[in-house]
Amino acid sequence: MSVRVRFAPSPTGYLHVGGLRTALYNYLFARKHGGKFILRIEDTDRTRFVAGAMENLITTLRWSGLDFDEGPDAGGPHGPYIQSERTGLYQRLGKELLEKGHAYKCFCTAERLDEMRMLQQRMGQPPRYDKFCEHLTATEIKEKEVAGLPFVVRMKVPERTVRFQDEIRGLIEIDPSNIDDQVLLKSDGFPTYHLANVIDDHDMEITHVIRGEEWLPSTPKHILLYDYFGWQHPKFAHLPLLLNSDRSKLSKRQGDVAVEDYRAKGYEREALINFVAFLGWNPGTEKELFSLEELEKEFDLDRVGKSGAIFNVDKLNWYNQQHLKAKPAEEILDQIRPVLAEHAIQAPDSFVLRVIELMRDRVNFLPEFVTFALYFYQDPAGYDQETIRAKWMPDTLIWLQNLAGRLAGISVFSHDQIEAALKETAESLGIKPGGLVQPLRIAVSGVSAGPALYHMLEILGKETVIRRLEKAVTTIQL
RNA sequence: GGCCUGUUCGACUAGGGGUUUAGGUCAUCGCCCUUUCACGGCGGUAACACGGGUUCGAAUCCCGUACAGGCUACCA
């Protein structure tokens, strides 16, 4: 049987990085084993409906490079892939459970339930449904139905131990005697996660359920449901959690958790994927940098760890830098076009490409190819006074004037010619070249940090350099 | 509270009875390269939660304790 896995997020408005990792592992597992990756939207909680959330989720998932084979807008033989469009199925199967005696109608009000839990709590007992409605007689049920009382469908949880093999954690044993009679169908007719999840995973022929560790305790309920329906359950793999720096479950309160946030900050999808892949998995070798394609070949569940991993932005930044360094200049150019436009920069591609190569090792985020290199496109608006104070000598401006003259005389404005001219100027002035280097950089670019000076000047061209030098000589004040 | 899961440098992790003076990466510190800023190179600091057991031998297997996290909804 070929592998079929799914990512089944609830559309809350954005894609959580933990969700991205779950999606990634599912995707990689499918690709590795030549199977299918399915996207299913779990929107059975109408009170948490967020307009546009699903569309945003799909956009972000696609941005990250995780293509799904079946899903809401990709179609497929097991649709619809949105749970709110499948309620008929859940109701039919819920009824089947009722008829088989594996579930019962519960008419308890929210008030009674609250009161019951309060009482249990006060007596130091675990809060649990007291099965009040399980023992309703047929006539009592009829009466309540006729009266039009709202009800839920609860599953009967038996008093026996459920065992299952987790692909990551090994044998798990849970005694459902300490599990609630779970609500399967809510009073609004929608299913809960547990029911919908089991039905859909079966209906969509899912072979491996790869999900977060938070689902581990409720897996026995799911296994029971498969049993009740007479279905074989898929294999389960529960992934370790992603953590805040204080080791609590990764949350919005402590920094950015939305993939969209990282995208907006200029992180590369490749870096985010590489980083997140290593949060809980490693290849067992010392290779750190992986493309999605390489991950597809290397990934497998048997190298996924068991303990939670802290989401460490420093390391993400490093991955980002590494992926940026490896990216072809043409691709970078395409990606920074919007940033160039934002700064109203118009320059030939060939020119921008040269700037990109020069800036490569000095950039951590994509937009910095532009924002750290503005002086390539426009004359400096000011000069870094602090560096001027540190580097200026009484005669520096005169030296620069002198240097401008010599630069103007260069026939081919290449980096080695420029270097030679600077050295000659220094010699004729009786100073060290170092007395000219930083002042020249400031005069031309306005700032003290930047790429190799002579290469920078070469790209700028003779006219621009001379013009800026002359302007600097008349503008800079000590 | 109950149930479940986990615990190797500050972080991500390798190692799963002798190959280990516990390896790699990020971060941090130092040196080199560099007339800037970076990149890069070299090196340093730094970890098997604790207690018992099994064994000739335990980071590795077993038990317990501690700590951490998750779950305990008509949320997912």
Side-chain angles (χ1 to χ4, degrees), chain A residues 8-12 42-48 106 108-110 113-114 117 120-121 123-129 150-154 166 168-169 172-180 182-194 196-197 211-220 238 240-241 243 245-249 275 278-289 303 305-319 321-322 325 359-364 372 387 391 422 432-438 440-442 445 447-453 456:
Chain A
S10 161
T12 54
E42 310 228 328
D43 60 344
T44 54
D45 185 356
R46 293 191 306 169
T47 63
R48 293 213 296 184
C106 170
C108 292
T109 61
L113 260 21
D114 285 346
R117 282 191 198 108
Q120 287 167 331
Q121 210 118 67
M123 292 169 67
Q125 286 175 354
R128 194 141 47 224
Y129 182 59
F151 65 87
V152 301
V153 174
R154 283 184 188 274
D166 187 274
I168 291 169
R169 284 153 217 282
I172 307 283
E173 261 185 25
I174 297 180
D175 194 342
S177 67
N178 44 47
I179 291 177
D180 239 345
Q182 187 67 49
V183 170
L184 260 21
L185 283 166
K186 307 178 223 177
S187 55
D188 63 3
F190 278 75
T192 57
Y193 170 86
H194 307 284
N197 189 261
R211 70 210 329 181
E213 191 188 345
E214 68 267 30
W215 295 109
L216 200 50
S218 50
T219 304
H238 288 95
L241 260 19
L243 274 23
S245 49
D246 66 356
R247 297 216 149 262
S248 57
K249 191 173 163 183
F275 170 63
F278 270 66
L279 256 24
W281 172 87
N282 75 84
T285 66
E286 288 180 358
K287 184 172 157 76
E288 303 276 343
L289 267 17
R303 293 206 63 87
K306 298 180 169 95
S307 47
I310 294 177
F311 189 94
N312 178 219
V313 178
D314 277 340
K315 189 136 190 195
L316 171 59
N317 290 344
W318 177 76
Y319 277 111
Q321 188 189 43
Q322 296 301 313
K325 280 177 68 172
M359 294 304 291
R360 246 208 155 87
D361 290 334
R362 279 156 254 269
V363 150
N364 289 305
F372 284 4
T387 313
K391 298 285 177 185
L422 182 134
K432 288 181 186 167
L436 252 22
V437 172
Q438 274 307 80
L440 173 57
R441 177 186 291 283
I442 302 265
S445 75
V447 292
S448 67
L453 177 64
M456 177 182 110

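So that the names make sense, note that chain A is the first sequence line, chain B the second, and so on, each numbered from 1. Only heavy atoms go into these numbers, but all of them, side chains included; no hydrogens, no water, no symmetry mates. Just so you know, these numbers come straight off a predicted model, no measurement behind them.
A sub-4.0 Å separation between OP1 or OP2 of rA73(B) and a side-chain N or O of Arg48(A) is absent. Not one side-chain nitrogen or oxygen of Arg46(A) sits closer than 4.0 Å to the OP1 or OP2 atom of rA76(B). Remark: Arg154(A) is in phosphate contact with rC74(B), judged by side-chain N or O atoms under 4.0 Å from OP1 or OP2. One finds no side-chain N or O of Lys391(A) lying less than 4.0 angstrom from the OP1 or OP2 phosphate oxygen of rU35(B). Taking side-chain N and O atoms only, Arg211(A) has no distance below 4.0 Å to OP1 or OP2 of rG70(B). Regarding contacts with the backbone of rC75(B), every side-chain N or O of Thr192(A) stays at 4.0 angstrom or more from both OP1 and OP2. The side chain of Lys186(A) contributes an N or O atom lying less than 4.0 Å from OP1 or OP2 of rC75(B). Between Lys249(A) and rU5(B) there is no side-chain N or O to OP1 or OP2 distance below 4.0 Å.
Gly305(A) comes within 4.0 angstrom of no nucleic acid atom, judged by non-hydrogen atoms across all strands. Using a 4.0 Å heavy-atom criterion, one finds that Gly450(A) contacts the bases of the nucleic acid, with or without backbone contacts as well. Phe278(A) comes within 4.0 angstrom of sugar-phosphate atoms only, judged by non-hydrogen atoms across all strands, and of no base. In this structure, Pro451(A) reaches the bases: a heavy-atom distance under 4.0 Å links it to at least one base atom across the strands shown. Heavy atoms of Ser307(A) sit under 4.0 angstrom from primed sugar atoms or phosphate atoms, though from no base atom. Base contact: Val152(A) has a heavy atom under 4.0 Å from a base atom. Thr44(A) comes within 4.0 angstrom of the backbone, heavy atoms only, and of no base. If you check every strand for non-hydrogen atoms under 4.0 Å, Ala452(A) touches a base.
Figure legend: cation-pi geometry between Arg154(A) and Tyr129(A), with NZ or CZ positioned under 6.0 Å from the six-membered ring centre and within 45° of its axis.
Atom pair Glu214(A):CD and rU72(B):C1' shows a separation of 14 Å (rounding to whole Å applied). Going from atom CD of Glu173(A) over to atom P of rG2(B) covers 20 Å, rounded to whole Å. rC67(B) atom C1' lies 11 Å from atom CZ of Arg247(A), rounded to whole Å.
Anti is the classification of rC37(B), since its glycosidic angle lies more than 90° from 0.
The residue among Arg128(A) and Gly124(A) whose nearest nucleotide of RNA chain B is located toward the 5' end is Gly124(A). For the pair Ile172(A) and Arg441(A), nearest-nucleotide mapping onto RNA chain B gives the more 5' position to Ile172(A).
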Between the protein and nucleotides 24-27 of chain B, which nitrogen or oxygen pairs come in under 3.5 angstrom?
residue : atom : partner   : partner atom : Å
rG24(B) : O4'  : Glu286(A) : OE2          : 3.2
rU25(B) : O4'  : Glu288(A) : OE2          : 2.9
rU25(B) : O2   : Lys315(A) : NZ           : 2.7
rC26(B) : OP1  : Trp318(A) : NE1          : 3.4

